[in-house]
Asks: 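The structure under discussion is supplied below as structure tokens; questions concerning it will follow.
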There are 2 protein chains.
Amino acid sequence: MRTDERIALAMAELLRRQGYAATGINQLARAAGAPTGSIYHHFKGGKREVAAAALRQTGAAYIQLLPLLLDPHPDLATGVEAAFAAAARDMESTGWANMCPVGVVTAEIADVEPELREIAAEVMQVWVEEGSRYLAGRGLSEQEAHTVIHALLAALEGAFVLARGMRSAEPFLAAGRTLAVYVGALEAAEAAAGPAATAGAAGPAGPGPATGTGRPPTAGRA
Amino acid sequence: MRTDERIALAMAELLRRQGYAATGINQLARAAGAPTGSIYHHFKGGKREVAAAALRQTGAAYIQLLPLLLDPHPDLATGVEAAFAAAARDMESTGWANMCPVGVVTAEIADVEPELREIAAEVMQVWVEEGSRYLAGRGLSEQEAHTVIHALLAALEGAFVLARGMRSAEPFLAAGRTLAVYVGALEAAEAAAGPAATAGAAGPAGPGPATGTGRPPTAGRA
DNA sequence: GTCTATACTCTGATAGAC
DNA sequence: GTCTATCAGAGTATAGAC
């Protein structure tokens, strides 16, 4: 692996464990196996530029997990619930430390480091765009895909925080269940209304398992 | 206001804007209007002890908002949606900076400051207990109250993070809508099953507005 | 490109006068 | 209890040999 890649990767790992302010250049150099001089050679902007590269890198990697986790499940609802359970297992196996660096940095220093906040915003915007495009491809309307991806990302980042504090999988499981129910109701409604409009890659995609009431959850609430 | 209260309050304010590591003692002294010596007089544990006091203080204050925000609404569903909308407005009015200090500190330094993580865990545990007790008092079963409060807290903390990064109210609105739909379905189910068991403080508490299908969202999913 | 040595600033914390 | 002066150490960043 190239040196600059090693440095950015080490930074991402440190960011999600201790945040930006608590991460020092010397510590980063040790973790990356490179002297401090190399860091400033590859990243003339110093610590901030390394963090920026780390955020972009992990942001791009994270959104690829969405199709990877949801594609195997024929209906979105069970896929969402399984994805949250998988996130819980992953975090528990790392001692409740493996949070998302983008979330950590945004929470920590959004106001004091405007440049990093801007990058976090770009990353999140990509999450929303690619995520809602994927969900639309799975049969949700554009508007509902937009709502679901926002709620999903919020629930995920928040579950990271709560699970990390309480050292419990329950935030993930509860968030996964409520979202799965919401998405399941949407899917049932779309299937009942017009399954012809969106010929997704999934096979039969009939109504849910034993829950096919075909009732949308009060589409236009507010 | 007493000096130690002023110090803890100033710390809470700094914590939610820049996190723990980036907040210095001198900055805290300036913000609290007290010299550094006073800080160590009132908090012999130094910076860490001040942060601990700030977390406990704001944690206790935040959970009181739950009944305050939900009591005015006869059904939980609209109350939840309104509460998330209120949080979005509050955050927007402060330039997307007013995050929850407990969430910030937990995300930032849960692993590097075990003592503060422990305190955050205690605060969150109180949130879960008092929150689920309140929700049970509003008619949810104990098990569902437990699930809803976990999902609600996760969605809230996560919405803070996303909204702060993207400077958008949408994470709050989307999270509020999905949770409101979930809670609304629960309420409709309970009302249809047996409205006698839980004689809450609410009045008629009939089925939801124009959505009274009385269909539980697949109670025992997993 | 890699690595060492160092300059300069700021940190948390303390001692002690008032 | 309040406040000032100061310490020892860690922080980022840089200069320059290899």
Side-chain angles (χ1 to χ4, degrees), chain A residues 1-55 57 101 104-105 108-117 119, chain B residues 1-55 101 104-105 108-119:
Chain A
M1 197 189 297
R2 290 206 322 268
T3 307
D4 56 338
E5 288 174 337
R6 255 186 14 248
I7 294 172
L9 194 66
M11 176 58 110
E13 211 60 33
L14 288 170
L15 282 182
R16 69 177 174 183
R17 291 199 143 84
Q18 14 170 357
Y20 179 78
T23 297
I25 290 286
N26 289 328
Q27 187 183 18
L28 173 63
R30 242 179 292 125
T36 69
S38 284
I39 295 176
Y40 286 92
H41 173 77
H42 292 285
F43 301 91
K44 306 186 185 177
K47 178 178 170 178
R48 189 173 309 138
E49 193 181 324
V50 180
L55 289 186
Q57 186 173 300
V104 173
V105 173
E108 182 193 0
I109 42 80
D111 298 292
V112 95
E113 291 281 350
E115 191 178 317
L116 290 180
R117 187 211 61 89
I119 288 165
Chain B
M1 198 191 295
R2 289 207 322 265
T3 307
D4 56 339
E5 287 174 337
R6 258 190 7 253
I7 295 173
L9 194 66
M11 176 57 110
E13 211 60 33
L14 289 170
L15 281 182
R16 69 177 173 185
R17 291 198 143 86
Q18 12 171 354
Y20 178 78
T23 297
I25 289 286
N26 289 329
Q27 188 183 18
L28 173 64
R30 240 180 293 125
T36 68
S38 284
I39 295 175
Y40 286 93
H41 173 78
H42 292 286
F43 301 90
K44 306 186 185 178
K47 179 178 171 179
R48 189 165 16 226
E49 193 181 324
V50 181
L55 290 186
V104 174
V105 173
E108 182 193 0
I109 42 79
D111 298 293
V112 95
E113 292 280 352
E115 190 177 318
L116 290 180
R117 187 211 61 89
E118 193 102 15
I119 288 164

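Bear in mind that the values here come from a model prediction, so they are computed numbers and not experimental data. Below, chains carry the letters A, B, ... as their sequence lines are ordered, and counting in each starts from 1.
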Asks: Should H42(A) be listed as having a side-chain N or O under 4.0 Å from OP1 or OP2 of dT2(C)?
Replies: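 For dT2(C), OP1 or OP2 has a side-chain N or O of H42(A) closer than 4.0 Å.
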
Asks: What are the two closest heavy atoms between L14(A) and L28(A), and how far apart are they?
Replies: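 Closest approach of L14(A) to L28(A): CD1-CA, 3.8 Å.
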
Asks: Go through dA13(D), dG1(D), dT2(C) for me and flag the one nearest to the K47(A) side chain.
Replies: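 Nucleotide nearest to K47(A)'s side chain: dA13(D).
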
Asks: For the residue pair I7(A) and A32(A), what are the closest heavy atoms and their distance?
Replies: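 Closest pair (atom of I7(A), atom of A32(A), distance): CA-CB, 3.9 Å.
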
Asks: Using atom OH of Y20(B) as one end and atom C1' of dG12(C) as the other, report the distance to the nearest whole Å.
Replies: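 Spelled out: OH on Y20(B) to C1' on dG12(C) is 10 Å.
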
Asks: Specify the residue among G45(A) and T36(B) whose closest nucleotide of DNA chain D lies further upstream toward the 5′ end.
Replies: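 The residue whose closest nucleotide sits nearer the 5' end is T36(B).
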
Asks: Could you grab the distance from atom CZ of R2(B) to atom CG of L9(B), nearest 0.5 Å is fine?
Replies: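 R2(B) atom CZ to L9(B) atom CG measures 12.5 Å (nearest 0.5 Å).
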
Asks: Roughly how many Å is it from CZ in F43(A) to C1' in dT14(D), rounded to a whole number?
Replies: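 For the pair F43(A) CZ and dT14(D) C1', the rounded distance is 18 Å.
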
Asks: In whole Å, I'd like the distance from the CD1 atom of I25(B) to the C1' atom of dC7(D).
Replies: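 Nearest whole value for this atom pair: 16 Å.
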
Asks: Rounded to whole Å, how long is the line connecting atom CG of L14(B) with atom P of dT11(C)?
Replies: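 Rounding to the nearest Å, CG of L14(B) and P of dT11(C) are 13 Å apart.
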
Asks: Which nucleotide wins on minimum distance to the side chain of Y40(A), given the candidates dG12(C), dT2(D), dA13(D)?
Replies: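 Looking only at side-chain atoms, Y40(A) lies closest to dA13(D).
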
Asks: So, does T3(A) get its side chain near the phosphate of dT2(C), meaning an N or O under 4.0 Å from OP1 or OP2?
Replies: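 True: T3(A) side-chain N/O within range (under 4.0 Å) of dT2(C) OP1/OP2.
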
Asks: Toward the 5' end of DNA chain D, which comes first, Q27(A) or G37(A), by nearest nucleotide?
Replies: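 Closer to the 5' end of DNA chain D: Q27(A).
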
Asks: With rounding to the nearest 0.5 Å, note down the distance linking CD in Q18(A) to OH in Y20(A).
Replies: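 So the CD of Q18(A) and the OH of Y20(A) are separated by 13.0 Å.
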
Asks: Just wondering, do K47(A) and M11(A) contact through their side chains at under 4.5 Å, heavy atoms?
Replies: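 The answer is yes; the side chains approach within 4.5 Å.
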
Asks: Once you round it to whole Å, what is the distance between P of dT12(D) and CZ of R30(A)?
Replies: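 Nearest whole value for this atom pair: 11 Å.
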
Asks: Tell me the interatomic distance from H41(B), atom NE2, to dA13(C), atom P, rounded to whole angstroms.
Replies: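 The answer, rounded to whole Å, is 17 Å.
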
Asks: What integer distance in Å separates I7(A):CD1 from dG1(C):P?
Replies: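 One finds 12 Å between P of dG1(C) and CD1 of I7(A), rounded.
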
Asks: Report the distance from atom CD of E49(A) to atom P of dT12(D), rounded to the nearest whole Å.
Replies: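 Going from E49(A) (CD) to dT12(D) (P), I get 16 Å.
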
